[in-house]
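Quantities reported herein were computed from a predicted structural model and do not represent experimental measurements. Chain naming here is simple, since letters A, B, ... match the order of the sequence lines and numbering starts at 1 in each.
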2 protein chains.
Amino acid sequence: MTESDTMTGADEDAAVGAWAKRCYMAGRAVMDATLRPFDLGSTQWYVLWHLAQSGPTVQRDLGRKLELERATLSGIVTTLVRKDLVAQSADGTDQRQRLLSLTPAGHALWQELPDLTFIHDAAFGGADPADLETAARVLRAATENLQSLLKKD
Amino acid sequence: MTESDTMTGADEDAAVGAWAKRCYMAGRAVMDATLRPFDLGSTQWYVLWHLAQSGPTVQRDLGRKLELERATLSGIVTTLVRKDLVAQSADGTDQRQRLLSLTPAGHALWQELPDLTFIHDAAFGGADPADLETAARVLRAATENLQSLLKKD
DNA sequence: TGACATTCGTTCGCTACCTATCAATTATCG
DNA sequence: CGATAATTGATAGGTAGCGAACGAATGTCA
């Protein structure tokens with residue numbers, strides 16, 4: 001047993017949580033390394049991806065889809081606007097909302113970006129589909145348990 | 001299927017990678033909320049935890065145990081030193097190394113901190129042990145696959 | 001021994017999360 | 001209608017992570 005096993009707790013349950021973190025961090029590291037030549041962060045890529053796929057989107061809606069707090073997305077959008085990849089325009093109906101869309105430069109960059117499918121394939125491609133389903137179910141249940149723990153407070 | 005599919009939450013919510021992130025974030029949120037009254041971050045807690053359990057530790061070793069880069073741990077240690085919870089002293093044999101230990105205030109705070117095992121219990125307590133084992137195995141394999149992807153570059 | 005390489009901790013600059021708060025806007029309800 | 005509540009986006013301040021680069025200390029090897 002390694003020291004990190006003891007760190008995360010003596011039982012197997014804790015190990016799942018620790019591996020969830022490691023897996024997330026490792027995935028992000030690969031994504032960041034792939035996008036570094038393009039001066040793009042992983043979450044910035046998700047924003048471009050969504051806008052390229054779904055077209056102009058109200059900022060709040062995008063935040064809900066990417067599961068980011070308003071403040072988090074606000075900062076990322078500011079960065080992308082500064083890079084002239086995303087435009088933030090007023091929406092006619094609700095003056096509070098901002099409509100996000102790709103600029104021409106954003107469109108152009110999106111065309112040049114490599115396909116990131118290989119990341120997911122490398123990570124999970126060799127796994128038994130049934131095991132993947134089980135892992136997803138365990139993680140989903142844990143997430144919901146934890147979130148309901150926060151609500152209760 | 002890429003990470004992007006998972007983020008959109010379209011219908012493929014069986015995506016393990018996305019749930020790994022959600023699970024990690026949710027766990028950290030509960031931990032942060034629990035530790036907020038004590039003005040402690042989650043990783044700061046891990047540092048105190050290890051020092052309370054294992055006694056004085058060379059900084060680099062602690063970094064390896066907690067799987068943190070030197071730069072990351074350096075910042076966290078600085079914060080804990082500023083709060084007078086951790087002391088950073090010179091080690092006799094190697095003048096490069098710093099020996100970390102709990103200060104009296106650090107010991108005192110540690111005694112007052114609540115038990116955090118309820119978090120893992122709430123998250124994974126209701127799951128089938130076999131499923132937990134499967135989830136851990138899937139995540140571990142994915143992590144190793146991703147890390148070897150980084151080495152190759 | 002001396003030259004070179006490695007290691008440790010720090011610092012810098014960055015991404016990406018969060019909470020709390022604020023101004024502006026819109027929604028709701030008496 | 002008007003007062004109050006809720007929502008949007010921005011900002012401030014904090015935590016957590018990374019890579020790159022640097023000085024000091026240590027290891028290695030010709």
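Comparing dC18(C), dT26(C), dC17(C) by their nearest atom to the side chain of D94(A) picks out dT26(C).
Residue Q95(B) places none of its side-chain N or O atoms closer than 4.0 Å to OP1 or OP2 of dT7(C). Between R64(B) and dC8(C), a side-chain N or O to OP1/OP2 separation shorter than 4.0 Å is present.
Placement of Y24(A) and W49(A) in two distinct hydrophobic clusters is found when ILVMFWY residues are connected by side-chain heavy-atom separations under 4.5 Å, directly or transitively.
Residue V77(A) is classed as having no contact, given no heavy-atom separation below 4.0 Å to the nucleic acid. R70(B) comes within 4.0 angstrom of a base, heavy atoms only.
Protein chain A contacts DNA chain D from dA6(D) to dG17(D), reading 5' to 3' and using non-hydrogen atoms of the protein with a distance under 4.0 Å.
Rounded to an integer number of Å, the gap from CE of M25(A) to C1' of dA16(C) is 10 Å. L99(A) places its CG atom 17 Å from the C1' atom of dT25(C), with the value rounded to the nearest Å. At whole-Å resolution of the value, CZ in R96(B) and C1' in dT6(C) are 8 Å apart. For the pair L35(B) CG and dC18(C) P, the interatomic distance rounds to 17 Å; values are reported in whole Å. Taking atom CD of Q59(A) as the reference point, atom C1' of dA24(C) lies 15 Å away to the nearest angstrom. In this structure, F38(A) atom CZ and dT15(C) atom P are separated by 17 Å, rounded to whole Å. Taking atom CZ of residue R28(B) and atom P of nucleotide dT19(C), one finds them 11 Å apart after rounding to whole Å. Atom C1' of nucleotide dC17(C) and atom OH of Y24(A) are separated by 8 Å, given to the nearest angstrom.
Between R98(A) and T79(B), the residue whose closest nucleotide on DNA chain D is further toward the 5' end is R98(A). A residue-by-residue look at T78(A) and G41(B) shows that T78(A) has its nearest nucleotide of DNA chain D further toward the 5' end.
Side chains of F124(B) and N145(A) form no contact here, defined as non-hydrogen atoms less than 4.5 Å apart.
Counting non-hydrogen atoms of neighbouring residues, nucleotides and ligands closer than 6.0 angstrom, the CZ atom of R60(A) exceeds 12 such neighbours.
Taking the ring centroids of H50(A) and Y46(A), they lie at or beyond the 6.0 Å cut-off.
Smallest separation of non-hydrogen atoms from V58(B) and L99(B): N-CD1, 3.6 Å.
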